[in-house]
Number of protein chains: 2
Amino acid sequence: MKTRTTIKDVAEAAGVGVATVSRVLSGGSASQPTRERVLAVAAELDYRPSALGRNLRQRRTGGIGLLVPDITDSFHGRVADGVLACARAAGEPVILGATGDDAESEAELIGVLLEQGVERVIAVPSGAPEPWGPAIRAGMTVVFADRRVISRDNALSAVPAVLADERAGVRNAVEYLVGLGHRRIAYLGGVGQPQRAAAFRDTLTALGIAIDEELIVFGRGTRDSAYAAASGLFQHRPDLTGVIAGGNVLGEAAVLAARELDLRVPRDVSLIMFDDVPWAELCAPPLTVIAPPAQDIGYRAAELVLRTAGRRTRGVRLPTELIIRGSCGPRR
Amino acid sequence: MKTRTTIKDVAEAAGVGVATVSRVLSGGSASQPTRERVLAVAAELDYRPSALGRNLRQRRTGGIGLLVPDITDSFHGRVADGVLACARAAGEPVILGATGDDAESEAELIGVLLEQGVERVIAVPSGAPEPWGPAIRAGMTVVFADRRVISRDNALSAVPAVLADERAGVRNAVEYLVGLGHRRIAYLGGVGQPQRAAAFRDTLTALGIAIDEELIVFGRGTRDSAYAAASGLFQHRPDLTGVIAGGNVLGEAAVLAARELDLRVPRDVSLIMFDDVPWAELCAPPLTVIAPPAQDIGYRAAELVLRTAGRRTRGVRLPTELIIRGSCGPRR
DNA sequence: ATACATGATGGAATCGTTTCCATGAAGACG
DNA sequence: CGTCTTCATGGAAACGATTCCATCATGTAT
């Protein structure tokens, strides 16, 4: 394996010093003839500056770290896609890690990023504040996506977040169901998204409907746990007529559990899912969903992390869309 | 932002030379008392060796590059997940790029990896050989996943690949349909997976069924193109009784197109999809699928790229599984 | 007691880039 | 014509690790 061409080779071939080559290539000042000659030689030798040398000198790696709970999940896949799109435009590499929504894995992955000298991170955080201490202390630029970390630590609260407007999304969905006549509406949520459950409660209260705590249940992220929660809900409270699932895994569980228990959608129960996924349209009936702008969230987060080099920035809240398909009907 | 602690700090604090610290930390020889003291001091100062310095000195970056066509696609998401699992165990960062199945983007992303000094790459290649020239020349260790690149270039053909046994998978599916009495079976394929179409043809021939070229159609990756192909197929040849879709996007298109045209599955048409995705079970009826071991493919590819440092290795072919659900019935 | 092998140790070179600083040339102005 | 400013330029330091090599101490064999 032959050694790659370095800046020194270019300098020699062009008959100038390495400093001049560096300046020409990074847009510093240089005379027109020199600039042309250096560029010609660089092209001729197919020279690519090594990020290794640059990184060491500048004590940082250009890249962007991206931490998501599960890259297999459609929502996180779309977020990642948005990040990639933006990073690509900026020519920055993206280092991906999957935390499994586990604080310990998250901390470990942050450690890896720190070691690599990555100083810009986008994360869909697991929720625990502890892993982020080292990142903040090391001066990383962090942007949260889709979720934020709740903590008394000021530094952590100052981390900007790009979020979906969950409150409005959930409110719209609840209002829609209530408008159809439903009163016994359940919320099937996941841990790590307390905002959505809170919005659910608030909206019911605002509409003058008493909150029935039995109708608010949570799954623990895995498919099995989601299914158990959904199935338990339907069996325990056959009187409910509407369900809002707080994420695509929970929505999937609700569809399966309903089918298993021979509940017809939307005749027996109306169903709304938070998150629009390709299969929502394939379901029978097609699922009415609260669609968060997943890819936009990723893209905006990347913009934010690239632009806000050091200075503080406020987060962003992006609107969701209620997409009405066929899984909701009037109260039976 | 305070400067991070370097090996020099540790050396001073421990009263030894930097060389000794390096040796202790990377398992070289050192006396017991020195080793203990250095480790104690390193832990005390919370020292993490910077990958930047190491990479430069060793002229390579530890990480693994991962190039997939579309991280949003469930299959590629699962492949990525497998790679992440293995890389994580090895403590290696993963640099992700989405090529969009476009040779030019692929080449550009390979360029970024080269610049970063990444010398191990796992890719679900777009199919074009050109982008891989520079990678091979630079001495990168490449492993292909799920697909391979067909080329007269020996170096490229020598790249190991971790593949699903598509031939056996498609064969089983065709045999299953034929066993149910079907004779006019269509194949709905994507570009970039000629193996599957070939296996389809071969199996029909082996079973003594004439190949009807009109029943073999291709979509171009996007959802729209897949839908157009599926819809055209159903409209043009209403006499077909079975369809094999060569990927999850194509399967989705087939389900939608069939529904749009009021074709009942499986009464009017039997449907098998290559790739098992969460929604396959949610469909009405649940989809019978050829399930490739997506995550295993990623994991094995990562193992391969990590272990085969330089020397040649043969690829791996992993079995698929025909999962029979409810989308196939006897010929009408 | 001398010569030699062994093993621990630290100094210094090295990787490829950016950037500071000194130098020198050339133009501007009195 | 002399001085001052401006600009292009190249040498060298710096970044943080690894690793070669010389040194030194210790133990062993003759």
Side-chain angles (χ1 to χ4, degrees), chain A residues 1-39 41-42 45-63 91 112 114-119 138-139, chain B residues 1-39 41-42 45-63 91 93 114-119 138-139:
Chain A
M1 169 175 162
K2 51 192 177 315
T3 97
R4 52 186 293 162
T5 75
T6 76
I7 199 175
K8 214 170 155 189
D9 301 328
V10 178
E12 274 174 25
V16 300
V18 289
T20 305
V21 176
S22 174
R23 267 190 300 259
V24 168
L25 261 32
S26 47
S29 74
S31 71
Q32 194 57 24
T34 324
R35 152 166 281 117
E36 277 166 18
R37 190 148 37 92
V38 169
L39 287 177
V41 170
L45 297 184
D46 192 28
Y47 168 67
R48 304 179 78 89
S50 154
L52 266 42
R54 173 181 15 227
N55 289 346
L56 176 55
R57 172 62 220 233
Q58 304 182 337
R59 283 201 286 217
R60 42 166 266 183
T61 297
V112 171
L114 243 23
E115 226 167 81
Q116 298 294 322
V118 173
E119 60 167 22
Chain B
M1 169 175 162
K2 51 189 176 313
T3 99
R4 51 186 294 162
T5 75
T6 77
I7 199 175
K8 213 169 154 188
D9 301 329
V10 177
E12 273 173 26
V16 299
V18 289
T20 305
V21 177
S22 174
R23 267 190 299 261
V24 167
L25 260 33
S26 47
S29 72
S31 70
Q32 194 57 25
T34 324
R35 152 165 281 116
E36 277 166 18
R37 189 149 35 92
V38 169
L39 287 177
V41 170
L45 296 185
D46 191 29
Y47 168 68
R48 303 179 80 87
S50 153
L52 266 41
R54 174 182 11 225
N55 289 345
L56 176 56
R57 172 64 219 232
Q58 303 183 336
R59 284 199 289 218
R60 39 163 279 189
T61 297
L114 242 22
E115 223 167 83
Q116 298 294 321
V118 172
E119 59 166 24

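Letters go in sequence order (proteins before strands), and every chain restarts at 1.
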Only distances under 3.5 Å count here; give the side-chain donor-acceptor pairs of residues 32-39 of chain A to other protein atoms, sequence neighbours excluded, each with its distance to 0.1 Å.
from: A/Gln32; atom 1: NE2; to: A/Glu36; atom 2: OE2; distance (Å): 3.2
from: A/Thr34; atom 1: OG1; to: A/Ser31; atom 2: OG; distance (Å): 2.5
from: A/Arg35; atom 1: NH1; to: A/Ala30; atom 2: O; distance (Å): 3.4
from: A/Arg35; atom 1: NH2; to: A/Gly28; atom 2: O; distance (Å): 3.2
from: A/Arg37; atom 1: NH1; to: A/Ala14; atom 2: O; distance (Å): 2.4

Residues that [X] engages under side chain to side chain contact (heavy atoms under 4.5 Å, CB included), provided they are two or more places apart:
X       : value
B/Ala13 : B/Val41, B/Leu45
B/Ala19 : B/Arg23
A/Leu52 : A/Ser50, B/Asn55, B/Leu56, B/Thr61

Practice prompt. With sequence neighbours excluded, tell me which residues meet side-chain hydrogen bond (donor to acceptor under 3.5 Å, both in side chains) with B/Glu12.
Written response: none
Worksheet item: Mind checking what makes side-chain hydrogen bond (donor to acceptor under 3.5 Å, both in side chains) contact with A/Thr6, not counting sequence neighbours?
Response: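 If we apply the side-chain hydrogen bond (donor to acceptor under 3.5 Å, both in side chains) test to A/Thr6, skipping adjacent residues, there are no hits.
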Item to complete: Describe the nucleic acid contact of A/Leu52 in one word from base, sugar-phosphate, nothing, applying a heavy-atom distance below 4.0 Å.
Response: nothing
Worksheet item: Within the structure shown, what part of the strands sits under 4.0 Å from A/Gly15 by heavy-atom distance: base, sugar-phosphate, or nothing?
Response: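 Sugar-phosphate contact only - A/Gly15 comes under 4.0 Å of backbone atoms but never of a base.
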[X] has an atom [atom1]; how far is it from atom [atom2] of [N], in whole Å?
X       : N      : atom1 : atom2 : answer
B/Asp9  : D/dC15 : CG    : P     : 11 Å
A/Arg60 : C/dG16 : CZ    : P     : 21 Å
B/Arg37 : C/dT9  : CZ    : C1'   : 11 Å

Discussion item. If you define the side chain from C-beta out and look only at heavy atoms, does anything of A/Arg59 sit under 4.5 Å from B/Arg4?
Written reply: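 No - every pair of side-chain heavy atoms lies 4.5 Å or more apart.
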Response to the item:
Scanning both residues in full, the closest heavy-atom pair of A/Val21 with A/Ala11 reads CG2-CA, 3.7 Å
Fill in: Sequence-distant partners of A/Arg57, salt bridge (Lys or Arg N to Asp or Glu O under 4.0 Å), two or more places apart
none
Discussion item. Going by the rule salt bridge (Lys or Arg N to Asp or Glu O under 4.0 Å), which residues pair with A/Arg60 if we only count those two or more places apart in sequence or in a different chain?
Written reply: A/Glu119
Interface polar pairs with nucleotides 17-21 of chain D, N/O, under 3.5 angstrom:
from: D/dA17; atom 1: OP1; to: B/Tyr47; atom 2: OH; distance (Å): 2.9
from: D/dA17; atom 1: OP1; to: B/Ser50; atom 2: N; distance (Å): 2.8
from: D/dA17; atom 1: OP2; to: B/Ile7; atom 2: N; distance (Å): 2.4
from: D/dA17; atom 1: O5'; to: B/Tyr47; atom 2: OH; distance (Å): 3.2
from: D/dT18; atom 1: OP2; to: B/Ser22; atom 2: OG; distance (Å): 2.7
from: D/dT18; atom 1: O2; to: B/Arg57; atom 2: NH1; distance (Å): 2.6

Worksheet item: To 10°, what angle do the rotation axes through the five end pairs on each side of the helix from C/dA1-D/dT30 to C/dG30-D/dC1 form?
Response: 50°
Worksheet entry | Check: A/Arg54 side chain, A/Gly62 main-chain N or O, donor-acceptor pair, under 3.5 Å | no
Show each protein N/O and nucleotides 6-8 of chain C N/O combination with a separation under 3.5 Å, one pair to a line.
from: C/dA8; atom 1: OP2; to: B/Ser29; atom 2: OG; distance (Å): 3.4

